[in-house]
Amino acid sequence: PGSSAPLPEEDCMKLNPSFLGIALSSLLAIDLWASKRLGVCAGEGSAWGSARPLMKVIEVSGHGIPWLLGTFYGLCQSDSSAAREVLLNLLFALVLDLVLVAVVKGLVRRQRPSHNKMDMFVTISVDKYSFPSGHATRAALVCRFILHHLVLAVPLRVLVVLWALIVGISRVMLGRHNVTDVLFGLLLGYALYSVVEYCWLSPLSAPALFALW
């Protein structure tokens with residue numbers, strides 16, 4: 001009896017290697033198109049150019065330096081051990097956020113949108129890169145931190161969440177970032193809070209740090 005020919009692989013669907021590349025390219029094109037359309041405050045002559053000063057105030061509210069300085073000042077002025085513990089962990093979270101975002105930006109090296117105007121508040125070398133949005137990452141991280149560690153009335157809790165979302169949206173409106181930069185930044189910041197909780201610093205786990213204050 002002659003050998004039978006192999007049966008076709010009818011039960012296996014092979015993904016065309018080029019399909020994934022085409023899909024990613026299409027998503028990238030949509031991302032760039034949407035980001036440019038939403039960059040309504042990218043310049044004074046843009047559709048919502050008059051709102052640009054307000055967007056830049058929101059930009060500063062999510063910047064790392066005011067948060068670092070404010071947290072450090074509060075840590076130095078606090079006379080409550082519980083408050084010092086919370087502030088020290090917030091400081092740790094902010095530093096971890098800056099390092100992680102800088103590393104990812106340096107690895108990915110995605111350029112900022114072409115319509116971005118480089119007039120940002122206090123930038124460093126990796127800030128020429130776009131992915132992920134450090135403001136979005138920080139906003140999501142700080143938002144979760146505040147909601148978990150501060151007792152706030154419901155209206156204030158809603159305002160904190162709105163602030164985080166507005167910071168993220170403002171990054172696209174100002175033309176600083178593409179939509180995917182912000183979405184990934186929000187997800188990264190949300191996940192980073194879980195890392196901070198897991199590595200929570202306390203007088204038992206880090207006595208040397210608490211001895212400084």
Side-chain angles (χ1 to χ4, degrees), residues 58-78 80-110 112 120-152 157 159-172 174 176-213:
I58 296 171
E59 176 175 71
V60 174
S61 78
H63 197 282
I65 289 180
W67 277 101
L68 283 169
L69 292 178
T71 303
F72 185 77
Y73 178 78
L75 188 58
C76 293
Q77 295 297 314
S78 177
S80 162
S81 58
R84 282 197 298 270
E85 182 173 336
V86 170
L87 288 169
L88 185 61
N89 280 277
L90 177 56
L91 187 64
F92 165 65
L94 292 169
V95 172
L96 185 62
D97 164 67
L98 284 173
V99 172
L100 181 60
V101 169
V103 169
V104 177
K105 281 188 174 184
L107 290 173
V108 177
R109 293 174 178 258
R110 184 184 195 185
R112 289 191 181 270
M120 293 178 288
F121 173 75
V122 188
T123 59
I124 57 175
S125 59
V126 292
D127 284 333
K128 63 185 177 182
Y129 300 123
S130 179
F131 186 91
S133 164
H135 279 69
T137 305
R138 188 173 306 108
L141 171 65
V142 169
C143 177
R144 280 196 77 187
F145 195 101
I146 289 175
L147 294 181
H148 279 78
H149 293 286
L150 290 184
V151 179
L152 299 174
R157 295 174 71 84
L159 283 176
V160 170
V161 174
L162 285 176
W163 167 78
L165 293 175
I166 289 171
V167 167
I169 293 169
S170 72
R171 306 311 290 155
V172 180
L174 276 169
R176 307 293 197 210
H177 291 279
N178 296 301
V179 174
T180 50
D181 302 333
V182 171
L183 291 178
F184 184 83
L186 291 172
L187 289 174
L188 182 61
Y190 188 89
L192 190 56
Y193 172 78
S194 299
V195 176
V196 173
E197 282 290 294
Y198 181 78
C199 303
W200 188 261
L201 303 174
S202 69
L204 291 177
S205 63
L209 283 175
F210 286 87
L212 296 174
W213 284 279

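Residue indices begin at 1 and follow the sequence shown.
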What heavy-atom pair brings P66 and V60 nearest, and what distance separates the two atoms? CG-O, 3.7 Å
Return the set of residues passing side chain to side chain donor-acceptor pair (under 3.5 Å) with S61 (not counting sequence neighbours), or none when no residue passes. W163
What distance separates R171 CZ from S133 OG, expressed to the nearest 0.5 Å? 5.5 Å
Side-chain heavy-atom pair E59, L174 within 4.5 angstrom cut-off: yes
Under the side-chain contact (heavy atoms from CB on, under 4.5 Å) rule, collect the residues that match up with L147, sequence neighbours excluded. C143, R157, V160, V161
For Y129, ring-ring contact (aromatic ring centres under 6.0 Å, His included) partners two or more places apart: none
Atom CG of D127 and atom CZ of R112: how far apart are they, to the nearest 0.5 Å? 6.0 Å
Apply ring-ring contact (aromatic ring centres under 6.0 Å, His included) to H135 and list each qualifying residue two or more places apart in sequence or on a separate chain. H63
Using the ring-ring contact (aromatic ring centres under 6.0 Å, His included) criterion, which residues pair with H148? Sequence neighbours excluded. Y193
Hey, does the side chain of R176 reach the backbone of S170 with a donor-acceptor pair shorter than 3.5 angstrom? no
Taken in chain and number order and not counting sequence neighbours, the residues that satisfy side chain to side chain donor-acceptor pair (under 3.5 Å) with T180 are D31, R110
Taking side chain to side chain donor-acceptor pair (under 3.5 Å) as the test, write out the residues that go with S194, two or more places apart. R144
What distance do L186 atom CG and D181 atom CG have between them, rounded to the nearest 0.5 Å? 11.0 Å
Test ring-ring contact (aromatic ring centres under 6.0 Å, His included) applied to F131 - qualifying residues, sequence neighbours left out: F184
Which pairs would a plain distance check flag for residues 87-97, meaning a side-chain donor or acceptor within less than 3.5 Å of a matching protein atom at least two apart in sequence or in another chain?
residue, atom, partner, partner atom, Å
N89, OD1, L201, N, 2.6
N89, ND2, E85, O, 2.7
N89, ND2, L201, O, 2.8
D97, OD2, R138, NE, 3.4

For residues 87-96, which residue pairs qualify under salt bridge (charged side-chain N to carboxylate O under 4.0 Å, His left out), counting only residues two or more places apart or in two chains? none
Not counting sequence neighbours, which residues clear side-chain contact (heavy atoms from CB on, under 4.5 Å) with A83? List them please. S78, S80
Here the salt bridge (charged side-chain N to carboxylate O under 4.0 Å, His left out) pairs for residues 196-211, sequence neighbours left out, are none
Check step by step if side-chain contact (heavy atoms from CB on, under 4.5 Å) holds for L100 and T137. CA-CA 10 Å; L100 181 60; T137 305; over 6 Å; no
What heavy-atom pair brings A136 and V182 nearest, and what distance separates the two atoms? CB-O, 3.7 Å
